[in-house]
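Heavy-atom basis, side chains included; hydrogens, waters and symmetry copies ignored.
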Amino acid sequence: MASAARSAPLPESGSALVEDPRFQEILQRSRSLTQKILDSIADTHSSCIHTETLKLDSSDIGRFSTMATNIGIPPAPVLTAVSENFTLETGLRVMHDGLQLHQGLLSSIAPRLAEKDKVVALMSDVRDLKIQIAKMQKMNQSHIAAPPTSGSVELRLPGEFEVQVAAHLTLVQLQAFSWDVARCLRSLDRSAGDDNQS
């Protein structure tokens, strides 16, 4: 996917906006916040997940898919590089929606956690990134305001184990989504041409 994030040039409609210095300034803040989120996920996970079998870097995440469905954790929206088939407007909307989803998931889980300080800090960073993405959406001349969606997510968490699994799955999913956001934002960054090629 990393190669897809830098592949096609932007369509004409998005190119002028992306070149705008104000857009690039917001983009830089967004990239910084995305990296901050990615850097804090491991510490957040270790602070609130105490079940031995729930490891952040585990490759057997698929075994929890049924449990994710039972708990009510929706999948993150699919984010790809901006191209002729995936416009800047669509990319910004998907980033915003995905961040809103994860903010809602964390908000639903946090009250049930014994150690929630790092989760609350992570929620603030996700909220701040969502605000930056909304600023970019507002700058997009073709952006038609979509009706606001609810940030709350109803989860079925009858016991402590379900809370632990929900927190684990949310952090794993947020990490994967944040990597996609980072790649997409990097593909739009005009400040360092060489950085876009890595």
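Contact detail for Ala167 and Leu113: the closest heavy-atom pair is CB-CD2, 4.3 Å. Leu79 and Gly91 make their closest contact through CD1-O, 3.8 Å (heavy atoms, listed as atom of the first residue, atom of the second, distance). Listed here is the closest heavy atom pair of Val18 and Phe23: CA-CD2, 3.7 Å. Pairing each heavy atom of Phe86 with each of Val94, the nearest pair is CZ-CG2, 4.0 Å. Minimum interatomic distance between Gln24 and Leu188 (heavy atoms only, all atoms of both residues): NE2-O, 3.0 Å. Shortest non-hydrogen contact noted between Ser187 and Cys184 is OG-O, 2.6 Å.
Residues Thr53 and Arg63 form a side-chain contact, since some pair of their non-hydrogen atoms from C-beta on lies under 4.5 Å apart. Using a 4.5 Å heavy-atom threshold, the side chains of Val172 and His168 count as touching. The side-chain heavy atoms of Leu105 and Ile73, taken from C-beta on, include a pair separated by under 4.5 Å. The shortest side-chain heavy-atom distance between Val163 and Val165 does not fall under the 4.5 Å cut-off. Between Leu88 and Met136, the closest side-chain pair of non-hydrogen atoms is not below 4.5 Å. The shortest distance between side-chain heavy atoms of Arg31 and Gln35 does not fall below 4.5 Å.
Of the inter-residue distances, the one linking His45 atom NE2 with His50 atom NE2 reads 10.5 Å to the nearest 0.5 angstrom. A distance of 15.5 Å separates NZ in Lys138 from CD1 in Ile133, rounded to the nearest 0.5 Å. Atom NE2 of His96 and atom CD of Gln137 lie 5.5 Å apart (nearest 0.5 Å). To the nearest 0.5 Å, atoms CD (Gln164) and CD (Glu52) are separated by 11.0 Å. The OG atom of Ser30 sits 15.0 Å away from the CZ atom of Arg186 when rounded to the nearest 0.5 Å. To the nearest 0.5 Å, the span separating CD1 on Ile109 from CG on Leu157 amounts to 6.5 Å.
Each side chain to side chain donor-acceptor pair (under 3.5 Å) pair with one or both residues in residues 109-127, not counting sequence neighbours, appears once here: Lys36-Asp125.
Residues Ile37 and Trp179 do not share a hydrophobic cluster, defined by chaining ILVMFWY side chains whose heavy atoms lie under 4.5 Å apart. Hydrophobic cluster membership is shared by Leu155 and Met67, with clusters built from Ile, Leu, Val, Met, Phe, Trp and Tyr side chains linked at under 4.5 angstrom. No path of Ile, Leu, Val, Met, Phe, Trp and Tyr side chains, each step under 4.5 Å between heavy atoms, connects Ile131 with Met95, placing them in separate hydrophobic clusters. Residue Leu38 is not grouped with residue Val120 when hydrophobic side chains (ILVMFWY) are merged at heavy-atom distances under 4.5 angstrom, including chains of intermediate members.
Remark: of the listed residues Leu33, Thr34, Val126, Asp128, Val126 is the sole one forming a side-chain contact (heavy atoms from CB on, under 4.5 Å) with Leu99.
Side-chain N or O atoms of Thr87 include none that pairs as donor or acceptor with a backbone N or O of Ser83 at under 3.5 Å. Judged by distance alone, with hydrogens and angles left aside, the side-chain atoms of Glu162 form a donor-acceptor pair with the main-chain N or O of Gly159 at under 3.5 Å. In terms of modelled atom types and a separation under 3.5 Å, the side chain of Thr170 and the main chain of Leu106 share no donor-acceptor contact. Without hydrogens or angle criteria, Arg156 side chain to Asn70 main chain gives a donor-acceptor distance under 3.5 Å.
Remark: Asp20 engages Arg22 in a salt bridge (charged side-chain N to carboxylate O under 4.0 Å, His left out) (not counting sequence neighbours). Glu154 meets the salt bridge (charged side-chain N to carboxylate O under 4.0 Å, His left out) test with no other residue; sequence neighbours excluded.
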### Task
Please assess Gln173 against His102 for the test side-chain hydrogen bond (donor to acceptor under 3.5 Å, both in side chains), listing each intermediate value before the final yes or no.
CA-CA 8 Å; Gln173 183 172 282; His102 289 94; 3.1 Å; yes
#### Entry: Step-by-step side chain to side chain contact (heavy atoms under 4.5 Å, CB included) determination, Phe64 to Leu54
CA-CA 10 Å; Phe64 291 109; Leu54 302 176; 3.3 Å; yes
### Query
Are Leu174 and Gln103 close enough, and set up right, to give a side chain to side chain contact (heavy atoms under 4.5 Å, CB included), and what steps lead you there?
CA-CA 9 Å; Leu174 175 59; Gln103 185 180 5; over 6 Å; no
### Check against side chain to side chain contact (heavy atoms under 4.5 Å, CB included), Ile49 and Leu56
CA-CA 9 Å; Ile49 308 296; Leu56 185 61; over 6 Å; no
### Task
With side chain to side chain contact (heavy atoms under 4.5 Å, CB included) as the test, would you mind laying out the steps for Leu171 and Gln175 before giving the verdict?
CA-CA 6 Å; Leu171 291 171; Gln175 184 178 51; over 6 Å; no
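Ion pairing between Glu19 and Arg190 holds under the 4.0 Å rule for side-chain N and carboxylate O. With respect to Glu25 and Arg29, a salt bridge is recorded, a charged nitrogen being found less than 4.0 Å from a carboxylate O.
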